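Some notes on the structure that comes next.
Convention: sequence-line order gives letters A, B, ...; per-chain numbering from 1. Every value quoted in this text rests on a predicted model; they were computed, and no experiment measured them.
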Amino acid sequence: MPLTREEVEQVAMVARLELSEEEAENYTQELNSILQYVDKLHELDLKNVEPMVHVLTINNVFREDKVGEGLSRDAALDNAPRKEDGQFIVPKIV
Amino acid sequence: MEVTKMKAHEIHEMLKKGDIGVRELTEVFLDRIEKIDDKIKAYITVNREKALEQADRVDAGIRKEENTDVLAGIPMALKDNICTKDINTTCSSKMLHNYKPPYNATVVEKLEEKGAVMLGKLNLDEFAMGSSTENSWFFTTRNPWDLERVPGGSSGGSAAAVAAGEAVYSLGSDTGGSIRQPAAFCGVVGLKPTYGRVSRNGLVAFASSLDQIGPITKDVKDCALVFQAITGFDPKDTTSVNTPVPDYEKILDDNIKGLRIGIPKEYFREGISSEVKDRIREAIDVLERLGAICEETSLPHTEYALPAYYIISTAEAGSNLARFDGVRYGYRNMDAEDLISMYSTTRSEGFGPEVKRRIILGTYALSSGNYDTYYLKALKVRTLIKQDFDRAWEEFDVLVTPTTPTTAFKMGEKTKDPVSMYVSDLLTVPANMAGIPAITVPCGLIDGLPVGMQIMAKPFAEDVLLKTAYAYECHRGFEITAPELEVN
């Protein structure tokens, strides 16, 4: 198996996911079977192939740097699980 | 005929003549939802009050002949990953179960301007990740053709609602087949537009380089009308393309004489049900009788599209879903005592198993050491897929294939093995990888379950797609309508 349970737990931690014992076990198996399927990609010789960055050949477009309408502070805070004095509240950081 | 079975363009004629009012029409649909949706389970949110208010407004406009648009007063519904101002937009996730967006998606603004009446929000696989709606946090939607079977996914609610007469049309989103596969399973028409054709502003992102919003309708004409209404340049979507939009309804006729149709042999290989292949060959016969020139062709890298897709889409999803941190909206674990544990408990409890699986795969594919092995390789394969198609367009106007390897499968049949579920997107994923438009149109039944024919064309050639699909639909010689449900 190319992917160990420790690796799965490490990747999950990077993605800010906590896994139970059972989840870590299942994901290790499932991700290995997915990777086995994905390993088909290694059959191809891709040395001289350019990676695709954008599917259409379009150019970057700039707009004038003008202030437009945005969300009001109240609207932006409306969905916050915790807020106070027009600000988002989070648990202590340090 | 009951209005719940009618197409938008037919109902428009009734509204115009005053045979029915918009409020009455809207009530008929709301009543039908109330009557049958506990069997189908297509709706997460029913928007009764606001729909009726909108109906009254549009009614007045139609009576004064101020609003003559063909979609004015037509009741429709939206996949629940399309933002609706002050109306729950859940993505079928615990993470967003209480989220009320402060703005409308651009497609919603466009349809509202036309006077569309929004009945509610439709079920999907969580964050559009899945092929059956079994990954919804709320419930699994049923296929109106057989309630033991899935409607497909991820836009399963959108397809089932249209097939069951719970909306005249709906919008879905398609990242790897999420409009076309459920449309095929439910016997309706579904269009994935060219990447950049329809604004993604207000579509909750899954994989930004692949996602497109598109219509699910009862026939090709409705598909053209809805596509017309939602398409066009939008400065709020950085990948929106500023290209002229033709009048799609005008180009709909059944003359496809001389149309060059390619039949890519890789789409007829093992793993594709032989009965599905039979239905597609019968459909190709119809197109040939109409004067199209059909010829076998090859897209040699087809088999690499799906593995590359699962790297690219999960890598993008891993990045996109980083925004769900419990700070600004959605679910939060309120007991966490510090910031990092708030992030991880919120995300672990807020996301379902398939979403976590994909975030982990995507994060793995992007991590140092794996970036070159997986992600960069997948991007290169994407180039090869696109080049296959580019070569095909030198010889052909459209490509015709099955939409799905099989008809709708049973609930629970594929939930144990992620790869077997992923393979149901085998034939739809290449169009997303290449950014090209693709449509599915019903082309027959197998054991009472619908089969879809997929038609693909080069970027921005939706007109050719719609015309081909329309010609076929006019001459296939049968109607495909889901059986009426028995309601107590």
Side chain, backbone, both or neither of I89(A) within contact of chain B (heavy atoms, under 4.5 Å): backbone
Contact origin within T363(B) toward chain A - heavy atom pairs under 4.5 Å: both
Residue Y309(B) versus chain A: region with a heavy atom under 4.5 Å: neither
Interface moiety of Y37(A) toward chain B, non-hydrogen atoms closer than 4.5 Å: both
Closest heavy-atom pair and its distance - T383(B), P51(A): OG1-C, 3.5 Å
Test item: N79(A) side-chain N/O and K100(B) main-chain N/O as donor-acceptor pair under 3.5 Å: yes
From CA spacing to verdict: side-chain contact (heavy atoms from CB on, under 4.5 Å), L361(B), L35(A): CA-CA 9 Å; L361(B) 178 60; L35(A) 286 176; 3.9 Å; yes
Given V8(A), L31(A), L3(A), I34(A), the one that forms side-chain contact (heavy atoms from CB on, under 4.5 Å) with Y364(B): L3(A)
Student check: side-chain heavy atoms of H54(A) and Y195(B) closer than 4.5 Å: yes
Shortest non-hydrogen contact from G330(B) toward P81(A): O-CG, 3.6 Å
Which atoms of E303(B) approach chain A - backbone, side chain, both or neither, heavy atom under 4.5 Å: both
Side chains of M52(A) and K380(B) in contact at under 4.5 Å (non-hydrogen atoms): no
Chi angles and distances behind the side-chain contact (heavy atoms from CB on, under 4.5 Å) call for F460(B), L56(A): CA-CA 11 Å; F460(B) 304 105; L56(A) 302 169; 4.0 Å; yes
Proximal component of E43(A), with respect to chain B [non-hydrogen, under 4.5 Å]: side chain
Distance (rounded to the nearest 0.5 Å) between K377(B) NZ and D39(A) CG: 8.5 Å
Validation row: P91(A), R332(B) side chains within 4.5 angstrom (heavy atoms): yes
Structural part of N26(A) lying under 4.5 Å from a heavy atom of chain B: neither
Beyond-backbone contact of L19(A) with I360(B), side-chain heavy atoms, under 4.5 angstrom: yes
Contacting region of M433(B) [heavy-atom separation from chain A under 4.5 Å]: backbone
Part of V327(B) within contact of chain A (heavy atom distance under 4.5 Å): both
Pairs of heavy atoms under 4.5 Å with chain B: top-ranked of E7(A), R82(A), Q10(A), H42(A): H42(A)
Region of L46(A) in contact with chain B, defined by heavy-atom distances below 4.5 Å: both
R347(B)/E18(A) ion pair, N-O < 4.0 Å: no
Close side-chain approach of K356(B) to E23(A), heavy-atom, < 4.5 Å: yes
Largest heavy-atom contact set with chain A, pairs under 4.5 Å, which of T346(B), D417(B), I340(B): I340(B)
A434(B), part contacting chain A, at a heavy-atom distance under 4.5 Å: backbone
Option that, when pairs with chain A are counted at under 4.5 Å, heavy atom only, ranks first among Y103(B), Y374(B), Y343(B): Y374(B)
Non-hydrogen side-chain atoms of L339(B) and K92(A) separated by less than 4.5 Å: no
Stepwise side-chain contact (heavy atoms from CB on, under 4.5 Å) check, I93(A) with D338(B): CA-CA 6 Å; I93(A) 294 175; D338(B) 64 86; over 6 Å; no
Atom group of Q36(A) that falls short of 4.5 Å from chain B, counting heavy atoms: neither
Distance under 6.0 Å and angle within 45° of ring axis: K40(A) vs Y304(B): yes
Side chain to side chain, Y27(A) and P353(B), heavy atoms closer than 4.5 Å: yes
Y99(B) and D78(A) side chains, donor-acceptor separation under 3.5 Å: no
Note, R382(B) side chain near V55(A) side chain (heavy atom, < 4.5 Å): yes
Interface residue of largest heavy-atom contact number with chain A, from I311(B), L306(B), N98(B), under 4.5 Å: L306(B)
Structural part of L17(A) lying under 4.5 Å from a heavy atom of chain B: both
